[in-house]
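To start, the structure itself, in structure tokens.
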Amino acid sequence: MKIILVVGARPNFMKIAPILEELKKYPDQFDPYLVHTGQHYDEKMSKIFFEELGLPEPDRYLGVGSGSHAAQTAKVMIAFEEVLTAEQPDLVLVVGDVNSTVACSLDAVKLHIPVAHVEAGLRSRDRTMPEEINRLVTDAISDLLFTTCRDADENLIQEGVSQEKICFVGNVMIDSLRKFEGMAEISPILDTLGLEPGGYGLVTLHRPSNVDQRTSFEGIIRAFGEIQTRLPLIFPIHPRTEKMIAELGLQSQVAAMDNLRFVAPVGYLDFLKLQKSARLVLTDSGGIQEETTVLGVPCLTLRENTERPITVEVGTNQLVGLDQERIVRAAMDILDGNEKPGRIPEGWDGKAAERIVETLGKNFSEW
Ligand code: UD1
Ligand code: UDP
């Protein structure tokens, strides 16, 4: 069974790595082929993850780069169609909800190649979020839908997806976390940045709804301004966010904060270490809501909705929206010792890739 696995953007690498590793254990059964669309291309958004996660060089690099949604999606579609035509795989496996995910799924389904979607069924119910459209479309055309949580199964069933296509396997991102947390423990990042365990807050932001609009971004920055008077904040900055600070002319506002420090995006091991040792995490990332839940670190999600409600219902995540006062109050509450207790969701146990590959093996004869 020839399987093309697709990666494109930062959150894809830690999801594909354990699946590829597991597939390679069964060379008689599976012939995996790795395609990197090149949606993310900076060394610190791409190459560093190949090195740290032990991912092999991709079999094909499409080099699509950045662009508008239409341009980027179209470029991936044109380049990936050629790969499919040349390689004739039995299955295309995509993860997550980025533009590369939907583009490659559309290509495959039009060529009658089955698609497996890992992390299916997540819904924010916010159609202004580009990822929500990617999720809806990818799930609607996928043949096998691997889910991380039971609410995702329910979402899919409500949308009319037949039960036989849905397979709850747990969270493959946590497979990587479990595999690499020991190595992350010895990362020197705290010393490098002069940080004490528990003595800082970790920040990431990159959602267009937060950083592409002046009003929302300014409000968030003002909230950080208040929080950093009590807790130093470290902010590995996403390239979109860096670009928007310059475009919106917000440099002087962020520079005025003595205890808010920007650093370039960091590698996976350093980032795991930064999360684990943080007093709290402020983020709009999808994956970081999940990782903080597993690490038991308080997480404040600066969004009005989440496609990962389990991290709020079961985990340490709190959805605090974009209101400055609300963000500051929630952070101060944590600093005052009022932490929300959390548990690890079902199936987030480091064995999701095993279950995915077992299921693919069972379906092998049917493809
Ligand atoms: C993308 C995904 C988002 C995911 C995020 C993870 C879509 C629609 N969005 O958002 O779901 O959460 O990745 O990080 O697929 N840029 C660089 N270097 C890079 C990559 C991007 O400078 O290596 C800059 C470019 O100016 C680019 C901008 O960042 O225009 C946005 O990149 P893009 O891939 O379009 O979206 P992200 O915001 O990264
Ligand atoms: N991450 C990282 N370095 C960083 C920021 C994030 O290694 O500077 C990792 C993080 O641990 C998680 C993934 O990147 O595994 C999340 O990606 P991102 O926030 O870019 O995307 P999202 O999950 O929001 O789609």
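Owing to the predicted nature of the structure, the values given are computational and were not obtained by experimental measurement. As the structure lists them, so they are numbered: ligands from 1, and atoms in each ligand from 1.
Nearest protein neighbour of atom 24 (C) of ligand 1, counting heavy atoms only, is Pro239 CB, 3.8 Å. Ranking the protein heavy atoms by distance from atom 9 (C) of ligand 2 puts Met14 CE, 4.0 Å first. When only non-hydrogen protein atoms are considered, atom 26 (O) of ligand 1 lies nearest to Lys243 NZ, 3.4 Å. Closest protein heavy atom to atom 25 (O) of ligand 2: Pro11 CG, 3.3 Å. For atom 15 (O) of ligand 2, the closest heavy atom belonging to the protein is Glu291 OE2, 2.6 Å.
Residue-ligand proximity, Met173 to ligand 2, at heavy-atom distances under 4.0 Å covers atoms 12 (C), 13 (C), 15 (O). Every atom of ligand 2 with a heavy atom of Pro265 under 4.0 Å away is listed here by number and element: 8 (O). Set against the non-hydrogen atoms of Arg207, the atoms of ligand 1 under 4.0 Å away are 11 (O), 12 (O). Atom numbering of ligand 1 starts at 1 in the shown order; those under 4.0 Å from a heavy atom of Gln72 are 34 (O), 35 (O). Listed by atom number, the atoms of ligand 1 under 4.0 Å from His238 heavy atoms are 14 (O), 37 (P), 38 (O), 39 (O). When each atom of ligand 1 is checked for a heavy atom of His206 under 4.0 Å away, the hits are 4 (C), 5 (C), 6 (C), 12 (O). Near Gly286, meaning under 4.0 Å from any of its heavy atoms, are these atoms of ligand 2: 22 (P), 23 (O), 24 (O). The distance from ligand 2 to the heavy atoms of Arg207 drops below 4.0 Å at these ligand atoms: 22 (P), 24 (O), 25 (O). For ligand 2, the atoms lying closer than 4.0 Å to a non-hydrogen atom of Gly267 are 7 (O). Ligand 2 places these atoms under 4.0 Å from at least one heavy atom of Tyr268: 7 (O), 15 (O).
Counting heavy atoms from C-beta on, the side chains of Asn155 and Arg125 come closer than 4.5 Å. The closest side-chain heavy-atom distance from Arg240 to Pro208 is below 4.5 Å. Here the side chains of Thr37 and Phe80 are not in contact, with every heavy-atom distance at 4.5 Å or above. Residues Leu335 and Leu280 are in side-chain contact: their nearest non-hydrogen atoms beyond the backbone lie under 4.5 Å apart.
A heavy-atom separation below 4.0 Å is not found between Met45 and ligand 2. Put simply, part of His69 is less than 4.0 Å from ligand 1, judged by heavy atoms. Taking a 4.0 Å cut-off on heavy atoms, Gln275 registers as neighbouring ligand 2. Proximity of Glu242 to ligand 1 is not established, as no heavy-atom distance is less than 4.0 Å. Taking 4.0 Å as the cut-off, Glu131 does not count as a neighbour of ligand 2 on heavy-atom distance.
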*Give the intermediate values and the outcome of salt bridge (Lys or Arg N to Asp or Glu O under 4.0 Å) for residues Arg230 and Asp336.*
CA-CA 11 Å; Arg230 253 184 96 178; Asp336 289 338; 2.9 Å; yes

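Electrostatic pairing of Glu81 and Lys110 does not count as a salt bridge here, judged by no charged N lying under 4.0 Å from a carboxylate O. Ion pairing of Asp151 with Arg123 is absent here, as no side-chain N (NZ or NE/NH1/NH2) approaches a carboxylate O to less than 4.0 Å. No salt bridge links Arg207 with Asp126; every basic N to acidic carboxylate O contact stays at or beyond 4.0 Å. In summary, Lys25 and Glu21 do not engage in a salt bridge, as defined by a charged side-chain N under 4.0 Å from a carboxylate O. The existence of a salt bridge linking Asp349 and Arg355 is confirmed by a sub-4.0 Å separation between a basic side-chain nitrogen and an acidic carboxylate oxygen.
On a distance-only criterion, Val266 and ligand 2 share at least one N/O pair closer than 3.5 Å. The shortest N/O to N/O separation between Arg10 and ligand 1 does not fall below 3.5 Å. Ligand 1 has an N or O atom lying under 3.5 Å from an N or O atom of Tyr41, backbone or side chain. Close N/O approach between Ser285 and ligand 2 is found [any backbone or side-chain N/O within under 3.5 Å]. At least one N or O atom of Arg10 sits closer than 3.5 Å to an N or O atom of ligand 2.
The proximity of Pro236 to ligand 2, defined as any non-hydrogen pair under 4.0 Å, is limited to the side chain. When heavy-atom distances to ligand 1 are checked against a 4.0 Å cut-off, Pro11 comes that close only through its side chain, counted from C-beta outward. Contacts of Phe271 with ligand 2, taken as heavy-atom pairs under 4.0 Å, involve the side chain alone. Contacts of Glu131 with ligand 1, taken as heavy-atom pairs under 4.0 Å, involve the side chain alone.
A salt bridge (charged side-chain N to carboxylate O under 4.0 Å, His left out) with Lys15 is found for exactly one of Glu119, Glu290, Glu291, namely Glu119.
Proximity of a side-chain donor or acceptor of Arg308 to a complementary backbone N or O of Ile310 within less than 3.5 Å is not detected. In terms of modelled atom types and a separation under 3.5 Å, the side chain of Gln72 and the main chain of Gly65 share a donor-acceptor contact.
Closest to atom 7 (O) of ligand 2 by heavy atom, among Phe235, Phe49, Phe180, is Phe49.
Side-chain rings of His40 and Phe13 stay apart, their centers remaining 6.0 Å or farther from each other.
With 3.5 Å as the limit, one finds no donor-acceptor pair spanning the side chains of Thr293 and Asn317.
Note on ring orientation: taking the six-membered ring where Trp is involved, the planes of Phe262 and Phe235 are tilted (angle from 30° to 60°).
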